[in-house]
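Heads up: the structure comes next, in structure tokens.
One is the number of the first residue; the rest follow in order along the sequence. Keep in mind the model is a prediction, meaning the values are calculated, not measured.
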Amino acid sequence: MTQQRSDGAPSADAANAYLEALRERLAADGCGVTATTWRDYRVVIGSRSDRKVRWFGTRVELFVLATAVLEVDNASMAEYTGWAMDYVKSLRSGLPGARNAAMILPALASGSVQPSARDWAAKDARILGTSLIGRPVTVETSASKATRVSMYRGRVVYGGMFTRHVLKKASLYFP
């Protein structure tokens with residue numbers, strides 16, 4: 001059975017259109033864009049590496065992993081975030097912690113996002129080790145092109161000097 005929105009538009013159509021637009025925004029910002037699958041869903045992956053003097057020469061790798069699903073709840077958000085962080089850990093270049101950090105934006109897009117999943121994503125960053133920091137993102141789409149994006153926008157203990165950069169990129173990728 002296909003889930004339908006109450007306004008008659010299939011919930012997956014708006015989420016898939018959002019993913020395509022996200023892919024274009026990632027490419028326009030100079031990210032390498034690839035794809036993989038998670039639970040039979042297509043995942044758009046964008047990645048870039050930046051190094052700035054004010055970060056004392058530390059390189060930050062930013063990874064965006066986004067997919068469209070029928071519904072987002074706490075369980076799917078937690079599972080997807082864990083999968084995304086493990087996936088990025090396997091992709092990383094360079095020595096972890098040796099002047100390298102990875103910031104991960106695992107995003108689930110859907111026409112149906114439970115409020116508790118939005119709250120879970122916005123509550124805090126998820127840290128794996130000392131150099132992998134995930135900021136889960138929920139994207140609630142609608143047929144009218146309006147979206148509601150939820151994510152943690154505060155500072156973190158590890159990787160705090162990258163907060164402004166990551167939030168700037170997140171606002172560009174997830175308007």
TODO: Apply side-chain contact (heavy atoms from CB on, under 4.5 Å) to Val139 and Arg148, showing your working.
DONE: CA-CA 6 Å; Val139 179; Arg148 179 178 184 170; over 6 Å; no
- [ ] Find the distance between CG (Asp29) and CD (Glu24) and round it off to the nearest 0.5 Å.
- [x] 14.0 Å
Task: Student check: side-chain heavy atoms of Cys31 and Tyr173 closer than 4.5 Å - done: yes
TODO: Given side-chain contact (heavy atoms from CB on, under 4.5 Å), test Val43 with Tyr87 step by step and report yes or no.
DONE: CA-CA 12 Å; Val43 178; Tyr87 186 83; over 6 Å; no
- [ ] Starting from the C-alpha separation in whole Å, work towards a yes-or-no answer on side-chain contact (heavy atoms from CB on, under 4.5 Å) for Glu79 and Arg39.
- [x] CA-CA 11 Å; Glu79 180 186 346; Arg39 288 165 91 213; 3.4 Å; yes
Open item on the list: Are the side chains of Leu65 and Trp83 in contact, using a 4.5 Å heavy-atom criterion?
Closed with: yes
- [ ] Indicate yes or no for a side-chain donor-acceptor contact from Thr37 to the backbone of Arg42 under 3.5 Å, with no hydrogens or angles considered.
- [x] no
Task: Arg25 to Tyr18, cation-pi by 6.0 Å centre distance and 45° axis angle - done: yes
Task: Point-to-point distance, once rounded to the nearest 0.5 Å, from CG of Leu62 to OG of Ser47 - done: 8.5 Å
Open item on the list: Return the OG to CG distance between Ser142 and Asp13, rounded to the nearest 0.5 Å.
Closed with: 12.0 Å
Task: Rounded distance (nearest 0.5 Å) linking atom CG of Asp50 with atom CZ of Arg48 - done: 4.0 Å
TODO: Ignoring hydrogens and angles, tell me if any N or O in the side chain of Arg118 forms a donor-acceptor pair with the backbone of Thr138 under 3.5 Å.
DONE: no
- [ ] Find out whether Glu71 and Gln114 are in side-chain contact, i.e. whether some heavy atom of one side chain is under 4.5 Å from a heavy atom of the other.
- [x] yes
Task: Under 3.5 Å donor-acceptor, Thr81 side chain and Met77 backbone - done: yes
Open item on the list: What's the separation between atom CG in Asp86 and atom CG in Leu132, rounded to the nearest 0.5 Å?
Closed with: 9.0 Å
Task: Spacing of Thr67 atom OG1 and Leu19 atom CG [to the nearest 0.5 Å] - done: 6.0 Å
- [ ] Evaluate side-chain contact (heavy atoms from CB on, under 4.5 Å) for Leu105 paired with Val166, printing each intermediate quantity in order.
- [x] CA-CA 9 Å; Leu105 299 174; Val166 172; 4.2 Å; yes
Open item on the list: Does any part of the side chain of Thr36, heavy atoms only, come nearer than 4.5 Å to the side chain of Tyr41, both counted from C-beta?
Closed with: no
